[in-house]
Amino acid sequence: MTATTETQRRLRTEIPGPASRALQERRAGVVAAGVSSVLPVYITSAEGGLLTDADGNVLIDFGSGIAVTNVGHAAPAVVNRVREQVGLFTHTCFMVTPYEGYVEVCEALDKLTPGTHEKRSVLFNSGAEAVENAVKIARAATGRQAVVVFDHAYHGRTNLTMALTAKSIPYKHGFGPFAPEVYRVPGSYPYRDGLSGPEAARIAIDRIEKQIGGDQVAAVVLEPVQGEGGFIEPAAGFLPALSRWCTENGVVFVADEVQTGFCRTGEWFASTHEEVVPDLIATAKGIAGGLPLAAVTGRAELLDAVPPGGLGGTYGGNPIACAAALGSIEVMRQENLAASAKRIENTVLPRLRALAEETGVIGDVRGRGAMLAAEFVKPGTTEPDADLTKRIAQACHQAGVVVLTCGTYGNVVRLLPPLSLSTELLDEGLSVLEHAVRTEAVK
Ligand SMILES: Cc1ncc(COP(=O)(O)O)c(CNCCCC(=O)O)c1O
């Protein structure tokens, strides 16, 4: 039985099936149209790298809920800790009566995040909230206001993080005015700019110095691998050059590791790949196996520049989410999921490169660990092919594999499988993707 027919074997109905279609009709009458879904199948259970929908279809998950369930769905260590905590208490508000779980998560972040300097952490609920607060902390600590971000950046959907985010549609269009004192400079997109890391960094730094002034900048905010913008790995040397410049100019280097963090790229944090030590690091997604938790971790002198009461929120560091995080981190440690991510990289990249060679419609294959991507273009050009990208993703969905796309030009298929995904399911999902590319590329 070939891998693709093996995957088909798990499907009971067409995708979406009748139960999902009925739920889709109910949704239309009560859920805002602004909330879209990649695949209108309604999930009833999930385990490891498999999702089961309301029609009994079982799908392979190459999305991990957008890089969240790094430890796999319903990881026992996460479930057991959540079950224990939910029966004790669900909320007291850490700003009212604190609890140990919050402190334990901050102790873990202290040890796991890059750097041996004295650190502090503060917990939130979402990546955007963490990025917002990293900017607040940087401004409070430096007394400066300007924030520098990059082309193709994604940092969230709140007012400030929309200002930090590059792509207008769908994230920003019609939602202005946006927060002031945010400045965008070119980043590093090797496939499209052909620059070395130092060359790209020099262009960005020159733009900052000429148009803003280094002494006006509170923070530079950067994803070590840009996620929603297209899984763009900067050229070697780009991050270190920017980090050095920040240090030399008293600017806070904020690594937005919401999508790259927690073993996703083959290290605990992607900043480590080039031995960059961020002043502040924003984390979320993979931290808690699916429970909503986010954090800012960084230099104690920066975080403690904010007076008591200046940071917080009702739900930040919810005890159940903290329990889930401790379970998730336990799994990452015990199963060495950073190494698992590297295994996934070593399996996937060669197959995507061979597919690119064979079909001529993949302009670039890139990524690290289990954060991998293929950028689709018109054959013989670098012209983005968003339509082909969409058709390939849809073909994977119909074949029972959840695949996501991204990119400024909508032409990137990204692979974000759970780091614990078995070799067999990885092979099956890849075979479905290969088949989809081969068949759609010739239409
Ligand atoms: C680097 C980086 N920073 C910040 C965020 C924002 O994290 P929240 O938890 O979605 O607020 C993200 C969230 N990425 C997925 C967004 C999906 C969507 O909303 O369409 C990210 O990737």
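First listed ligand is number 1; within each ligand, the first listed atom is number 1.
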Identify which of Arg157, Glu223, Glu228 has a heavy atom lying nearest to atom 19 (O) of ligand 1.
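Checking each option, the heavy atom nearest atom 19 (O) of ligand 1 is found in Arg157.
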
Evaluating non-hydrogen atoms only, which member of Gly261, Ser36, Gly127 is closest to atom 8 (P) of ligand 1?
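Of the listed residues, Gly127 has the closest heavy atom.
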
Under 4.5 Å between any side-chain heavy atoms of Ile344 and Pro417, yes or no?
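In short, these two side chains touch, coming nearer than 4.5 Å.
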
[atom]: the protein heavy-atom neighbour that sits closest, reported with distance to 0.1 Å:
atom	result
atom 6 (C) of ligand 1	Ala128 N, 3.6 Å
atom 17 (C) of ligand 1	Ile66 CD1, 3.8 Å
atom 12 (C) of ligand 1	Tyr154 CE2, 3.5 Å
atom 4 (C) of ligand 1	His155 O, 3.3 Å

Quick check: Phe262 with Phe269 (ring centres under 6.0 Å apart)?
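Yes - the distance between ring centres of Phe269 and Phe262 falls below the 6.0 Å cut-off.
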
Would you mind telling me if ligand 1 is within reach of the side chain of Ala284, the backbone, both or neither, using heavy atoms under 4.0 Å?
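Near ligand 1, Ala284 shows nothing, with every heavy atom at 4.0 Å or more.
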
Apply the salt bridge (charged side-chain N to carboxylate O under 4.0 Å, His left out) test between Arg368 and each candidate in Glu233, Glu345, Glu267; give the one that qualifies.
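The option that passes is Glu233.
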
Please identify which atoms of ligand 1 are closer than 4.0 Å to at least one heavy atom of Ser126.
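Reading through ligand 1 atom by atom, the close ones are 9 (O), 11 (O).
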
Please work out whether the ring planes of Tyr191 and Tyr189 are parallel, tilted or perpendicular, with thresholds of 30° and 60°.
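Geometry flag for Tyr189 against Tyr191: tilted rings.
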
Looking only at distance, does Gln259 have an N or O less than 3.5 Å from an N or O of ligand 1?
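In this structure, Gln259 places an N or O atom under 3.5 Å from an N or O of ligand 1.
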
Test of proximity, Asp256 against ligand 1: N or O pairs below 3.5 Å
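N/O-N/O distance under 3.5 Å: yes.
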
Going by the side chain to side chain donor-acceptor pair (under 3.5 Å) test, which pairs reach into residues 74-84, not counting sequence neighbours?
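Non-adjacent pairs meeting side chain to side chain donor-acceptor pair (under 3.5 Å): Arg81-Glu330.
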
Would Lys285 count as a contact of ligand 1 if the rule is a heavy atom under 4.0 Å away?
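True for this residue.
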
Hydrogens and angles aside, do Thr260 and Glu223 bring a side-chain donor and acceptor to less than 3.5 Å of each other?
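No donor-acceptor contact under 3.5 Å links the two side chains.
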
Do Gln259 and Glu228 have side-chain atoms, one donor and one acceptor, less than 3.5 Å apart?
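A pair is found: one side chain offers a donor N or O, the other an acceptor, under 3.5 Å apart.
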
Under the rule for salt bridge (Lys or Arg N to Asp or Glu O under 4.0 Å), what residues qualify as partners of Asp53, not counting sequence neighbours?
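Partners of Asp53 under the salt bridge (Lys or Arg N to Asp or Glu O under 4.0 Å) test: none.
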
